[in-house]
Undergrad: 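Handing you a structure now.
Small disclaimer: the values here were computed from a predicted structure and weren't measured. We count ligands from 1, going down the list as the structure has it; atoms in each ligand are counted the same way.
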Amino acid sequence: MPRIPIENVDLRVKIKEMEMRNPLMLASGILGETADLLIAAYEAGAGAVVTKSIGSEPREGHRNPTIFQYPFGLLNAMGLPNPGIDEFEKEMEKLKRSEAVVIGSIFGLNSNEFVFLARKMEGFGAIALELNLSCPHAEGVGAEIGSDPSTVREIVSSVVATVHIPVFAKLTPNTSDIVALGQAAQEGGASAVVAINTVKAMAVDPYLGKPALGNVFGGLSGNAIKPIGLRCVYELYDSLTIPIVGVGGIASGIDVAEYLMAGAFTVQIGTLIQTKGLKAFSELRRELEEFMRAEGFKNLSEIRGAAHE
Ligand code: RRO
């Protein structure tokens, strides 16, 4: 591992034709329902922003409470609230007029629905697509279909055959074999996999004597899941050739470096933005640059996968 401090580091990164000024992407679902907030995240320093997952029809989401804050992480069961793809065109129009690098996240019940949404998102100007195959608490979509490698392969390959932009598959950690899901996405032609979505979990309100979330089950994000995200990225790196986008509990530039060393090509930031606000992007960037300079890594390809050597 290089140890000679250097002057400048280059954080630019490219996945297919998608160019990013740094590897810090805003994760889906965080500020992702309106163009203004996505633009604000980009202006605050994100390398790219991912929209909230959008479906064919408007959807209200699960009943309240939809959020429970643990000291070590955030539990959510939003239930895919979104305005529906046709209504979302307005936000994409605004985004197109901005500088932001926008990845459109979509969810559906089957490959036909994913293909329908993918065509629309591409038409609206998304630079890449993220297929949500991993929401842990919604009936008939997300992890319910994304835990089966053959379904993942079929959905990814149908979308890849339809659009001309890069297709990312966001994978669930709620499985005994995330590598099989990653391989299926790669075989389907995905340009990258995103690992991980939230970890299925729950909370109990001891005073009410019942589950704390309206939906009972939700997805855990934040600090608590960083070791799980790292393990998934590390395992996927050993068996895939396509880039891995690492997500889960990143709260510092050093955390970003750890994900890169585990094999992440880029990373996504979610819960930290919710708790700390948009200034987190510039702080993460500064901390990552400081770490790389001090440790002598000139660019991302030098640090990426270092934990495997
Ligand atoms: O909307 C949600 O409840 C949600 C989604 Br789509 C997801 O992919 N992951 C998550 O933790 N929550």
Undergrad: For Y234, give me all partners under ring-ring contact (aromatic ring centres under 6.0 Å, His included), at least two apart in sequence or on another chain.
TA: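 Partners of Y234 by the ring-ring contact (aromatic ring centres under 6.0 Å, His included) criterion, ordered by chain and then number, come out as H308.
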Undergrad: When the side chains of residues 66-78 are checked against the rest of the protein, which donor-acceptor pairs come out under 3.5 Å, sequence neighbours left out?
TA:
{"from": "Q69", "atom 1": "NE2", "to": "G73", "atom 2": "O", "distance (Å)": "3.3"}
{"from": "Y70", "atom 1": "OH", "to": "M202", "atom 2": "O", "distance (Å)": "2.8"}
{"from": "N76", "atom 1": "OD1", "to": "M78", "atom 2": "N", "distance (Å)": "3.2"}

Undergrad: Give a yes or no on whether the backbone of T51 and the side-chain of S28 come within a donor-acceptor separation of less than 3.5 Å.
TA: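 Yes: the side chain of S28 pairs with the backbone of T51.
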Undergrad: Would you please write out the protein residues whose heavy atoms approach any atom of ligand 1 to under 4.0 angstrom, listed by chain and number?
TA: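 Residues K52, N76, A77, M78, G79, L80, P81, N132, C135, P136, H137, N197, T198 each place a heavy atom under 4.0 Å from ligand 1, listed by chain and number.
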Undergrad: Scan side-chain atoms only and decide if D177 and T175 contain a donor-acceptor pair under the 3.5 Å cut-off.
TA: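 The criterion, which ignores hydrogens and geometry beyond distance, is not satisfied for T175 and D177.
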Undergrad: Among pairs that include at least one residue of residues 257-271, which meet salt bridge (Lys or Arg N to Asp or Glu O under 4.0 Å), considering only residues two or more places apart or in two chains?
TA: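 Those involving residues 257-271 are K226-E258.
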Undergrad: Any link between I145 and I106 through a network of hydrophobic side chains (Ile, Leu, Val, Met, Phe, Trp, Tyr) touching at under 4.5 Å?
TA: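 Yes, I145 and I106 fall within the same hydrophobic cluster.
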